[in-house]
Amino acid sequence: MILHTLHVAIASVAVGSQQPAAGPAPEFVPIAGLVQIVNDDAITATRLDRRIEELQRRRPVTTAEEFEQLVATARRLAIDERLQTQAGENLGIDAKEVEARAKSILERRKEKEGLQSLAESLREQGLSAGGAQQNMRDLAYQATYYFAETGEWPGVRGRVWRDTYVRPGELHYAYEESKPKLAEPDRVVLQLLDLSGADHGGLEKARAAAISARSDIVAGHSSFDDSVDELSQSRADRGVQPEIAVDRITQPELRAFARTATEGQLSEPMPWVVEGAQRGWRVAKLVGRRQGKPAPSFMEGALQQQLRKSVQTRRKELWLEESGLRMVRGAWVWPRSSSKRPAVSDPNPAR
């Protein structure tokens, strides 16, 4: 009936209009408070407005551009909800079971929020008692789709069709992949003697000065601190850097030195590079090292449980993403693009 009404309305406008066909496309105008058609369902202006208000409470906007983005997000979420509700309905779950699940959702919210708080929340959303029941029924269908898609509930014909078991080989692969993140790297404090080519008459002269300064420090003719004061631009804190994890040092030569150096050891002169351009030459000293920790053993039960949950979470995200894309590609959604619409109030807040 909705589609028939829309087709008749569009046809009557086309027949009665004398405007040339080459004019700009008219802006979408809702008919009887409908702002979106999703397959056989309609999204009303009131439903979309509720979505917009919910998003605004969580993320206030200050500009017209931000509001347009928020409206587009609200419309996309409303479409996704209708598609998920339809997917839940298509699973063929018994209507009594759906009603029981909807009632259970409402009861859980009532226990969690309290009756008065729940009533106020529903009023803020513009939902009457009937509207709240319909909303919970939609949530029940969405939950049916979600948990069937992730293998936690039965799907079509009451059968679980997702394989959620994480096999030992896959678990060990996840461990090897996560090993660098599970380990705690060494942390070091470095002192840097940076000699600028601009201050020493060019890169070659700066390199010669770095070699000479290093030799003097090793021979005991000068200290590292005095060399920084005399030759380097890194005079703040005499070139001593904040403690840093070795893996976070970006310069390859400096990182390689920090991995293996002992406390007090000096590096050979290395290029001093800033934003991809060599500015001079550098000598580094390892001031201190705090030993890290290796990754825990794969045989630890708590670690395996954590890895198993991580693998299952990634699977769920992938399954839901693929399912969502399939639903959107296969759905008839009208209109598809513009998020603009005039403000229209729906006389029936339960819809």
Side-chain angles (χ1 to χ4, degrees), residues 73 76-77 79-81 83-88 90-93 101 139-190 241-262 270 273 276 284 286 288-331:
T73 300
R76 186 177 67 251
L77 290 173
I79 291 172
D80 290 345
E81 287 174 355
L83 290 173
Q84 291 168 14
T85 301
Q86 293 168 5
N90 293 338
L91 290 175
I93 306 298
R101 292 178 183 179
L139 284 175
Y141 276 122
Q142 291 164 23
T144 299
Y145 152 77
Y146 178 92
F147 291 116
E149 196 65 38
T150 58
E152 297 168 74
W153 284 1
V156 179
R157 297 181 180 177
R159 298 176 60 184
V160 176
W161 62 286
R162 285 291 195 192
D163 182 5
T164 61
Y165 178 65
V166 180
R167 288 158 178 78
E170 186 177 7
L171 196 63
H172 193 270
Y173 178 82
Y175 170 74
E176 292 295 333
E177 189 180 39
S178 305
K179 214 171 183 180
K181 297 179 181 178
L182 295 171
E184 185 178 325
D186 287 1
R187 301 183 68 85
V188 296
V189 176
L190 297 169
Q241 307 298 301
E243 185 184 67
I244 186 173
V246 172
D247 292 343
R248 294 180 63 86
I249 299 174
T250 56
Q251 185 179 351
E253 296 89 348
L254 188 59
R255 184 171 61 248
F257 167 74
R259 284 190 192 283
T260 59
T262 58
M270 64 183 72
V273 179
L286 182 69
R289 178 187 300 277
R290 185 151 58 96
Q291 292 291 337
K293 296 179 182 178
S297 169
F298 176 69
M299 300 308 295
E300 292 188 14
L303 174 63
Q304 290 196 13
Q305 185 177 4
Q306 179 184 345
L307 289 170
R308 185 175 290 105
K309 287 182 179 179
S310 176
V311 171
Q312 290 173 337
T313 298
R314 288 204 302 264
R315 280 183 181 176
K316 289 178 183 179
E317 291 172 352
L318 179 61
W319 289 337
L320 291 168
E321 182 181 357
E322 291 176 343
S323 174
L325 289 174
R326 282 198 308 271
M327 286 193 298
V328 170
R329 283 196 297 262

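Shortest non-hydrogen contact noted between Ala245 and Pro185 is CB-CG, 3.9 Å. Summarising the geometry of Ala87 relative to Met327, their closest heavy-atom pair is CB-SD, 3.8 Å, with the distance given to 0.1 Å. Ala258 approaches Val246 most closely through the heavy-atom pair O-CG2, 4.2 Å.
By the side chain to side chain contact (heavy atoms under 4.5 Å, CB included) test, Gln142 is found to be paired with Glu81, Gln84, Thr85, Asp138, Leu139, residues two or more places apart in sequence or in another chain being considered. Tyr145 pairs by the side-chain hydrogen bond (donor to acceptor under 3.5 Å, both in side chains) definition with Ser323, not counting sequence neighbours. Under the rule for a side-chain hydrogen bond (donor to acceptor under 3.5 Å, both in side chains), Arg76 has no partner lying at least two apart in sequence or in another chain. Partners of Arg315 according to the side chain to side chain contact (heavy atoms under 4.5 Å, CB included) rule, which considers only residues two or more places apart in sequence or in another chain, are Val166, Glu170, Val311, Trp319. Residues passing the salt bridge (charged side-chain N to carboxylate O under 4.0 Å, His left out) test with Asp186 are Arg289, sequence neighbours excluded. Looking at residues two or more places apart in sequence or on another chain, you find a salt bridge (charged side-chain N to carboxylate O under 4.0 Å, His left out) between Arg167 and Asp163. Applying the side-chain hydrogen bond (donor to acceptor under 3.5 Å, both in side chains) test to Glu152 and every residue at least two apart in sequence or in another chain returns Thr150, Lys316. Checked against side-chain hydrogen bond (donor to acceptor under 3.5 Å, both in side chains), Gln312 has no partners two or more places apart in sequence or in another chain.
The side-chain heavy atoms of Val160 and Trp153, taken from C-beta on, include no pair separated by under 4.5 Å. Under the 4.5 Å side-chain criterion, counting only non-hydrogen atoms from C-beta, Ile79 is not in contact with Val328. By the 4.5 Å heavy-atom criterion applied to side chains, Met270 and Leu254 are counted as neighbours. Side-chain contact between Phe257 and Leu190 is present, with heavy atoms from C-beta onward closer than 4.5 Å.
Within the structure, side-chain hydrogen bond (donor to acceptor under 3.5 Å, both in side chains) contacts touching residues 250-260 (residues at least two apart or in different chains) are Asp247-Arg259, Gln251-Arg282. Residue pairs satisfying the side-chain hydrogen bond (donor to acceptor under 3.5 Å, both in side chains) criterion with at least one member in residues 291-307, sequence neighbours excluded, are absent. Residue pairs that meet the salt bridge (Lys or Arg N to Asp or Glu O under 4.0 Å) test with at least one member in residues 318-328, sequence neighbours left out, are Glu149-Arg326.
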Please output the side-chain donor-acceptor pairs of residues 171-179 that fall under 3.5 Å, not counting sequence neighbours, one pair per line with the distance.
{"from": "Tyr175", "atom 1": "OH", "to": "Pro296", "atom 2": "O", "distance (Å)": "2.8"}
{"from": "Ser178", "atom 1": "OG", "to": "Ala174", "atom 2": "O", "distance (Å)": "2.9"}

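With rounding to the nearest 0.5 angstrom, the CZ atom of Phe298 is 11.5 Å from the CG atom of Leu182.
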